[in-house]
Amino acid sequence: MIDGTRLEGRIRVERDGSVTVLSGKVEFGQGIRTGFAQIVADEMDVPIERVKVILADTAQTPPDRGTFGSHSTEQEGPTLRRAGAFARRQLIERASSKLGVAADRLRTEQGVVRDGDGASVAYADLVTDAPLSGAIPDDVPLLPRERWRYMGKPRPALEAVDIVSGCARYAADVRLPGMLRGAVVRPPVRGAKVRAVDDAAAKAMPGVVAVIRDGDLVGVVAEREEQARAAADAVDVDWSVPATAEGETIVLPLREDEGVDAALASGAKKVERTYVCPPIANAPIGPSAAVADVRADGATIYGSTHRPFGLREAAAKRVGLPPEKVRFVLTLGSGTYGRSSSFDAPMEAVILSKNVGRPVLLQWSRAEEFQWSPSRPEAVLEASVALDASGGIAAWRYDEHTNIHTSSGFDPSYGGESTGRNAVPPYRVPHAHVTLYVEPTPLRTANFRSLAASENVFAIESLMDELAHESGQDPVAFRVRHLDDARLRRVLERLAERAGWGKPRGERRGLGVACTEYHGTKVAEAAEVEVSPSGVVRVLRMWAVVDPGSVVNPDGVRNQIEGGMQQSASWAVFESLRHRGPRVLTSSWDTYRIATFRDAPLSIDVEVAGDPSAPSSGVGEPGAVPAAAAVANAVFAACGARVRELPLTPERVRAAIAAR
Amino acid sequence: MKLTLRVNGADHEVDVPRRATLLAVLRDDLGLVATRFGCGSGQCGACYVLADGAAVASCLMTVDQAVDHDIVTVEGLSQDGKLSPVQDAFARESAMQCGYCTSGMLISATALLGHTPSPSEDEIREALAPNLCRCGVYGRAIRAVQRAAGAT
Ligand code: FES
Ligand code: FES
């Protein structure tokens, strides 16, 4: 194991003076590689062009629990800053003995240590005898903000030029000598057991190397991809379908104040509402893929996952090797927004490769990606709220009914934090009951950007809008009067200014707002929509103001927030995964409509208003959280239609118009 | 079957199954992996290439159809190691997150600017509409195409 608390586990100064940064985190396009390079380039005082970041290579990077919850910069940033500062201090000490000049007379300048009289030594010449090493101290002085060259400034992604020039390599782009292609034979439903396999026809097909049955996995390995697919279709498997176990509902109180019932009963006004979110698909553009090369004495897996070290453990166990004999090497990955916390394609590739003793590339088809991937579960959100005579919230009861939101199973000690994420409102509510009901589902569910927060915030922020309208209050002012969090209040007020809250929008147009706090990040969003007479919702413009604490790469933050908003607007307006029992019916983009260039808003305006005195918090997920409610609230503002079930289809909008 | 494909300005001889898709041959026989698989059915744009200057889905074209065309992939957009204006503009506008959809967008944008050097925003949206992006970089991609149009 590489020790991430030691400098040699974090930073290497190479012989050519370039700097290698090591982290067990994973890049999916959220820009962490660039952020880490900015941090280390500044603290070490080297040109950023000379910094290379290696992520999630289990043979080189320190172990990590996983890349989740927009935590990467918050978790790794401080360690890498201290590592960089510690490295710089060691370089100065070494230069001091080499040049015979007291350390306090030396300074660094972009990869070189200098004294005042013109003597200098390059970093590269200070590591020829021994690499930098040692436990990274907690108290190493960090570079003061005025000397930051890269941190806090916009920076294009380090990978950008590789991506546009076609040099970038994703899992499915890995090519190894002797590599074969795999395809898996899918059962009628998940969990089916193999009774018998008839592979005679498949084995006779061109290019087929082997038909593999390993436990309940049946697959084909062939010379070419299309051969493997064709042969997989020709394998005849007799499956036994297990009876579906019913499962139990887990009830988890998230907040239990005294006196809620009395306060609900005695309120001046009571509002009861139910909101519904359908299951939706992570739907990455690149279907799951991995290359595995399993030999008798060791294995290497190339791919992309949220949990590289977890994958290594699991793969080692499956093939009977000690974990240190299994290496996971991260490639670039299609954005999967949480989906690749499940090890599907990599584990299947491992099993196929083990059986043929050669490297195997497996990439799922589009239909497999829709039908066999885990997806975000549905949610039914029930609320009863009482307002007092002044229109303030007096009591709040909120029940979240949903399924497990994580692939790793349900852990009640963590359940409120994942499956119940953001069920407790950020508002001042004197009496509140918030309860999470985790119900069984035949569908396979898993992590999707912000877990349950996007459903809960859709409900809570729609509800706040309804409460304001029901009591004749302004929706922004109503939120503000219930917010104790000064940073969240500030982003909401700033958003109202930027979006021109209160300005008339024209016929059949309206502006809606929503806000939330997500893992320390404060974010408020607005959407302007146009609703056609037939109920078609078009998102015209979006705004966000976000405070993610101190900011390493403002343009990286903007890009993440914009992307989250665009994705969430797509969820809200278009998306719903069709299924019957355990069978997902959606199998192609034809039947799973997402936003396209035609639907993209005319503008998405993001103001990054990070509080520099607060620690960095994440931006990968928060942008996606309030957007659906902002859109739904805008639909109400545009035409008086209150739609409480997503997506905002023309039928639902028309029905809500009729019900006004 | 043996045939000769013209890709990125050079002739390539390949020996592949007749019904193999152009996408498979580019990726698996010619090593041009920047053309990506997304759906295999013409619905996502990830596999787009230029065929005589027009953006087409290489997952729907078989190799024997491709022999009649001059094919260009993302690897062929740069000239003498210099990024094309479209590539450069996408990098400068950071018009990507994961980048999986980027190759297809670059191809659609290049095809558009080939016949419409100063497109309107609506024309850009129409031309790139087949290119799905789940990370949501549409706005930036539109700006990138506008920047590239300004530069050419
Ligand atoms: S892979 Fe060809 S259009 Fe999707
Ligand atoms: S940048 Fe990830 S799909 Fe477009």
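The basis for the numbers below is simple: all heavy atoms, side chains too, and nothing from hydrogens, waters or symmetry mates. Order of the sequence lines sets the chain letters (A, B, ...), proteins ahead of strands, with each chain counted from 1.
Of the atoms belonging to A:Ser603, not a single heavy atom falls under 4.5 Å from chain B. Interface remark: A:Ile285 contributes backbone and side-chain atoms alike to the contact with chain B (heavy atom separation under 4.5 Å). Only the side chain of B:Leu106 comes within less than 4.5 Å of a heavy atom of chain A; its backbone N, CA, C and O stay farther away. Of the two parts of A:Arg558, the backbone and the side chain both hold a non-hydrogen atom closer than 4.5 Å to a non-hydrogen atom of chain B. A:Leu602 touches chain B through backbone and side chain together, each having a heavy atom under 4.5 Å away. In this structure, chain B has heavy atoms under 4.5 Å from both the backbone and the side chain of A:Gln560. Contact annotation for A:Ala172: both backbone and side-chain heavy atoms come within less than 4.5 Å of a heavy atom of chain B. At a 4.5 Å heavy-atom cutoff, the contact between B:Leu83 and chain A is made by side-chain atoms alone. Interface remark: A:Phe370 contributes no atoms to any contact with chain B (heavy atom separation under 4.5 Å). Of the two parts of A:Ala281, only the backbone, made up of N, CA, C and O, holds a non-hydrogen atom closer than 4.5 Å to a non-hydrogen atom of chain B. If you measure heavy-atom distances from A:Arg598 to chain B, the contacts under 4.5 Å come from both the backbone and the side chain.
The residue among A:Thr336, A:Asp162, A:Asp173, A:Ile163 with the most heavy atom pairs within less than 4.5 Å of chain B is A:Asp173. Of the listed residues B:Asn131, B:Val137, B:Leu132, B:Thr35, the one with more heavy-atom pairs under 4.5 angstrom with chain A than any other is B:Leu132. Across B:Ala127, B:Cys101, B:Gly136, B:Cys98, the residue that shares the most heavy-atom pairs under 4.5 angstrom with chain A is B:Cys98. Interface summary for chain B: among A:Arg224, A:Gln363, A:Arg181, A:Arg169, the most heavy-atom pairs under 4.5 angstrom belong to A:Arg224. Between chain A and the residues B:Arg36, B:Arg19, B:Gln43, B:Gln87, the largest count of heavy-atom pairs under 4.5 Å involves B:Gln43. No other option in A:Pro287, A:Pro206, A:Gly335 has as many heavy-atom pairs under 4.5 Å with chain B as A:Pro287.
Between B:Arg140 and A:Glu562 a salt bridge is recorded (basic side-chain N to carboxylate O distance below 4.0 Å).
Side chain to side chain, A:Thr34 and A:Arg155 fail the donor-acceptor criterion of an N or O pair below 3.5 Å.
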> Would B:Leu5 and B:Val63 count as a side chain to side chain contact (heavy atoms under 4.5 Å, CB included) if you check the C-alpha gap in whole Å, the side-chain angles of each, and the deciding distance to 0.1 Å?
Replying inline: CA-CA 8 Å; B:Leu5 287 175; B:Val63 263; 4.1 Å; yes
